[in-house]
There are 2 protein chains.
Amino acid sequence: MVQCLPHTLDLSFAALADATRRGIIVRLGRGDASISSLAEAFQMTLTGMKKHVQVLERAGLVVTQKVGRVRTCRLGARGLAAEAEWIEAHRALFEARFAALDDIIDEIEEGSHD
Amino acid sequence: MVQCLPHTLDLSFAALADATRRGIIVRLGRGDASISSLAEAFQMTLTGMKKHVQVLERAGLVVTQKVGRVRTCRLGARGLAAEAEWIEAHRALFEARFAALDDIIDEIEEGSHD
DNA sequence: TTAATACTGAACCTAATGGTTCAGTGTTTA
DNA sequence: TAAACACTGAACCATTAGGTTCAGTATTAA
């Protein structure tokens, strides 16, 4: 279950690697928003915001729907489950490494007695 | 506590957005490794691997140390804590949104009775 | 029907990525 | 001391990212 298509994680981690896009996620968490309201909130052109939303959409983090002339953006159903799963699964690696390192340090300190 | 320097998350999420670099993390979880052994494992030039390691190092996910002619890479002490924290904190946003959406769907279905 | 709104697409710009090769430098080994 | 090894740095290349402007199109409001 830990194993998932690398492609998906590539897209979603890349999407999260930008402060504006993380801000968009936070904003959409408080309610759906149009492209233009997001553009205004983040002081950016419509075109620029549309690109950010597209990045989030390709990553599955946001879905959009156009009604009339307004495109409404909302958080995607996929959520952050896959990303949370990868990070949690690999956090253990770091901790295990440091447990091992601590043992080594203990050994060194016991050996030196300074 | 949830709020942290955007810069750090920018770097670490960007570092995680590449399958090779995620692979390096997994690999280092099984033990420290030199640049050249990583380069061989991932079928890449030394120079290419060094760049990946630098990206991970700038993100604080990996630390390196040069002894003699060998640079040894290991997992960084920072771990994935900040990234896990952001993702977990914002996972709730998605879920809350979908709880709200479910309510709306319930209302629509109760209204239509088809 | 005209004007304003909301988006879209193409084109452009600069900087960063992800890789390479090639020419070093310093370290070990024979 | 000479050869092999492990890395380093500069230069290059193609692609992508993150933004812009400008010129549309479609929708809504007056």
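As the structure is a computational prediction, the values presented were derived from the model and not from experiment. Proteins come first, then strands; the chains are lettered A, B, ... in the order of their sequence lines, and each starts at number 1.
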Short side-chain N/O contact to [N] OP1/OP2 from [X], under 4.0 Å:
X: R71(B); N: dA6(D); result: no
X: H52(B); N: dG19(C); result: yes
X: T45(A); N: dT20(D); result: yes
X: K50(B); N: dC7(D); result: no

In this structure, how many angstroms lie between the [atom2] atom of [N] and the [atom1] atom of [X], rounded?
X: K51(B); N: dC12(D); atom1: NZ; atom2: P; result: 13 Å
X: D32(A); N: dA6(C); atom1: CG; atom2: P; result: 17 Å
X: M49(A); N: dT21(D); atom1: CE; atom2: P; result: 15 Å
X: F13(A); N: dT17(C); atom1: CZ; atom2: C1'; result: 18 Å
X: R22(B); N: dG18(C); atom1: CZ; atom2: P; result: 11 Å
X: F42(B); N: dG18(C); atom1: CZ; atom2: C1'; result: 15 Å
X: L56(B); N: dG18(C); atom1: CG; atom2: C1'; result: 13 Å
X: E40(B); N: dC7(D); atom1: CD; atom2: C1'; result: 15 Å

Do other residues, nucleotides or ligands put more than 12 heavy atoms under 6.0 Å from Q54(B) CD?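 Check passes, neighbour count above 12.
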
Heavy atoms only, 4.0 Å cut-off, all strands: where does L46(A) land among base, sugar-phosphate and nothing? base

Check every strand shown and say whether G68(B) touches a base, only sugar-phosphate, or nothing at a heavy-atom separation below 4.0 Å. sugar-phosphate

Nearest of [options] to any side-chain atom of [X]?
X: D18(A); options: dT20(C), dA6(D), dG19(D); result: dG19(D)
X: R69(A); options: dG9(D), dT27(D), dC7(D); result: dT27(D)
X: R21(B); options: dG18(C), dG19(D), dC7(D); result: dG18(C)
X: T47(B); options: dA11(D), dA10(D), dC12(C); result: dA10(D)

Go through the steps for Q65(B) and T72(B) under the test side-chain hydrogen bond (donor to acceptor under 3.5 Å, both in side chains), then give the verdict. CA-CA 5 Å; Q65(B) 187 189 9; T72(B) 300; over 6 Å; no

Go through it in stages, so that I can follow the logic: the residues are V55(A) and V62(A), the test is side-chain contact (heavy atoms from CB on, under 4.5 Å), and I'd like the CA-CA distance, side-chain angles, deciding distance and then a yes or no. CA-CA 9 Å; V55(A) 170; V62(A) 161; over 6 Å; no

If you pin G48(A) and Q54(B) to their nearest nucleotides in DNA chain D, which one's is more 5'?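 By nearest-heavy-atom nucleotide position, the 5'-most residue is Q54(B).
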
I want to confirm an ordering. Mapping V70(B) and V55(A) to their closest nucleotides on DNA chain D, which one lands closer to the 5' end?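 Nearer the 5' end of the strand: V70(B).
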
Which residue lies toward the 5' end of DNA chain C, Q43(B) or R58(B), if each is placed at its nearest nucleotide?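 With Q43(B) and R58(B) compared, the 5'-side residue is R58(B).
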
Taking the nucleotide of DNA chain C with the nearest heavy atom to each, does I35(A) or T20(B) sit closer to the 5' end?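 The residue whose closest nucleotide sits nearer the 5' end is I35(A).
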
Rounded to the nearest 0.5 Å, what separates atom CH2 in W86(B) from atom CG in L9(B)?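 W86(B) atom CH2 to L9(B) atom CG measures 8.0 Å (nearest 0.5 Å).
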
Pairwise distance CZ(F13(A)) to CD(E83(B)) - rounded to 0.5 angstrom: 9.0 Å

Heavy-atom side-chain proximity of L61(A) to R21(A) below 4.5 angstrom: no

